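Read through the structure below, which is laid out as structure tokens, and then see the notes.
Keep in mind the model is a prediction, meaning the values are calculated, not measured.
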Amino acid sequence: METLTHEIAAVAARLVVEDGLDYGAAKRRAQKTLGAPPRTALPANDLVEAEVRAYLALFHADTQPAELAALRRLALQWMERLAEFRPHLCGAVWNGTATRRCDVHLQLFCDDPKSAEIALIDHRVDHVARTVAGFNGAAVEALSFSSPCPELGEPIGVHLMIHDWGDLRGALKPGTDGQPPRGDRQALAQRMARETQA
């Protein structure tokens with residue numbers, strides 16, 4: 001059973017990198033691809049992430065670092081534009097596993113949840129609003145749009161998850177691996193500087 005779980009994680013990792021699927025969708029498709037029984041235990045996200053890193057190192061070591069850097073610079077641009085809403089980067093662009101197929105995910109912490117959408121409207125940014133599960137499990141509004149990324153030569157999806165200002169305290173707690181699951185502009189800039197020096 002443990003071997004099957006690892007096989008699902010490995011196939012899911014390929015789907016994440018090559019098809020841009022999120023972890024949940026990739027695990028379910030991997031389960032089907034391998035013909036695993038419906039009740040098969042799916043791998044934890046930590047295991048999938050480890051497999052994603054291994055896959056990137058094996059198949060995309062020549063292109064992924066530059067693509068990640070371009071996505072992080074795009075994220076910084078939007079974090080600067082939306083600075084009043086205390087933006088924090090999360091997901092693959094934050095944790096370093098992103099490729100050009102990944103979107104930028106920012107969590108905003110607002111006193112007034114509608115203020116971020118008003119800011120997009122004021123800047124004439126066409127966007128789609130929907131409701132998604134926030135990092136704490138509660139429903140939050142998400143604003144999604146495409147942003148040009150000249151470095152990659154294509155538009156990149158940007159998703160803003162709107163949280164209450166009071167949620168910020170919980171957002172700063174380390175994840176199960178002891179690492180921060182998100183970071184503000186300063187944390188991202190520090191992370192980028194460290195990786196440039198490495």
Side-chain angles (χ1 to χ4, degrees), residues 1-72 74-75 87-107 130-140 142 144 149 152 154 156-161 163 167 170-183 187-188 191-192 194-195 198:
M1 186 61 79
E2 191 172 320
T3 303
L4 180 56
T5 302
H6 276 82
E7 283 182 38
I8 292 172
V11 173
R14 179 177 56 78
L15 292 168
V16 167
V17 175
E18 301 298 347
D19 295 350
L21 296 185
D22 65 48
Y23 282 16
K27 288 189 282 189
R28 290 188 296 276
R29 188 181 295 179
Q31 181 185 27
K32 278 187 182 176
T33 300
L34 292 170
R39 294 182 182 265
T40 303
L42 294 177
N45 285 347
D46 292 351
L47 178 57
V48 176
E49 184 177 321
E51 291 291 338
V52 166
R53 291 184 187 282
Y55 189 92
L56 288 171
L58 192 59
F59 296 107
H60 294 276
D62 56 336
T63 57
Q64 191 265 343
E67 292 175 2
L68 172 64
L71 290 168
R72 284 181 166 173
L74 179 65
H88 282 65
L89 179 65
C90 60
V93 180
W94 168 250
N95 72 27
T97 59
T99 67
R100 68 190 310 123
R101 294 185 177 274
C102 293
D103 291 346
V104 172
H105 292 84
L106 297 174
Q107 294 169 339
R130 58 197 168 91
T131 302
V132 299
F135 70 89
N136 56 11
V140 299
S144 299
C149 184
L152 296 178
E154 60 186 288
I156 298 296
V158 178
H159 308 282
L160 312 177
M161 281 72 75
H163 291 272
D167 292 335
L172 300 178
K173 292 179 181 173
T176 54
D177 59 358
Q179 297 299 312
R182 60 193 54 80
L188 177 58
R191 184 166 282 203
M192 291 168 72
R194 278 197 308 271
E195 290 175 5

Minimal non-hydrogen separation, [X] against [Y], with atom names:
X: Trp94; Y: Ala187; value: CH2-CB, 3.8 Å
X: Ala26; Y: Leu15; value: O-CD1, 3.7 Å
X: Val93; Y: Asp103; value: CG2-O, 3.5 Å
X: Ala139; Y: Thr131; value: CB-CG2, 3.7 Å
X: Arg130; Y: Ser144; value: NH2-OG, 3.4 Å
X: Ala92; Y: Cys102; value: CB-SG, 4.2 Å

In Å, rounded to the nearest 0.5 Å, how long is the span from [atom1] of [X] to [atom2] of [Y]?
X: Thr97; Y: Leu68; atom1: OG1; atom2: CG; result: 8.0 Å
X: Leu47; Y: Leu42; atom1: CG; atom2: CG; result: 11.0 Å
X: Arg72; Y: Leu74; atom1: CZ; atom2: CG; result: 13.0 Å
X: Arg182; Y: Leu188; atom1: CZ; atom2: CG; result: 14.0 Å

Qualifying residues under side chain to side chain contact (heavy atoms under 4.5 Å, CB included), relative to Val140, sequence neighbours excluded: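 Residues passing side chain to side chain contact (heavy atoms under 4.5 Å, CB included) with Val140: Val132, Met161, His163.
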
Just to verify, what does Arg100 make a side chain to side chain contact (heavy atoms under 4.5 Å, CB included) with, not counting sequence neighbours?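 If we apply the side chain to side chain contact (heavy atoms under 4.5 Å, CB included) test to Arg100, skipping adjacent residues, the hits are Glu67, Leu152, Glu154.
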
Which salt bridge (Lys or Arg N to Asp or Glu O under 4.0 Å) pairs, counting each pair once, include a residue from residues 35-56, with sequence neighbours left out?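 Checked against salt bridge (Lys or Arg N to Asp or Glu O under 4.0 Å) - neighbours excluded - the pairs reaching residues 35-56 are Glu49-Arg53.
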
Among pairs that include at least one residue of residues 20-30, which meet salt bridge (Lys or Arg N to Asp or Glu O under 4.0 Å), considering only residues two or more places apart or in two chains?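 Every pair satisfying salt bridge (Lys or Arg N to Asp or Glu O under 4.0 Å) with a residue in residues 20-30: Asp19-Arg29.
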
Arg191: what forms a side chain to side chain donor-acceptor pair (under 3.5 Å) with it, not counting sequence neighbours?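 Arg191: no side chain to side chain donor-acceptor pair (under 3.5 Å) contacts found.
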
List, one per line, each side-chain donor-acceptor pair under 3.5 Å for residues 58-65, sequence neighbours excluded.
from: His60; atom 1: NE2; to: Glu18; atom 2: OE2; distance (Å): 2.8
from: Gln64; atom 1: NE2; to: Gly96; atom 2: O; distance (Å): 3.0
from: Gln64; atom 1: NE2; to: Ala98; atom 2: O; distance (Å): 2.8

Tell me whether Gln107 contacts the main-chain N or O of Leu160 through its side chain, where contact means a donor paired with an acceptor under 3.5 Å.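 Checked: no pair found.
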
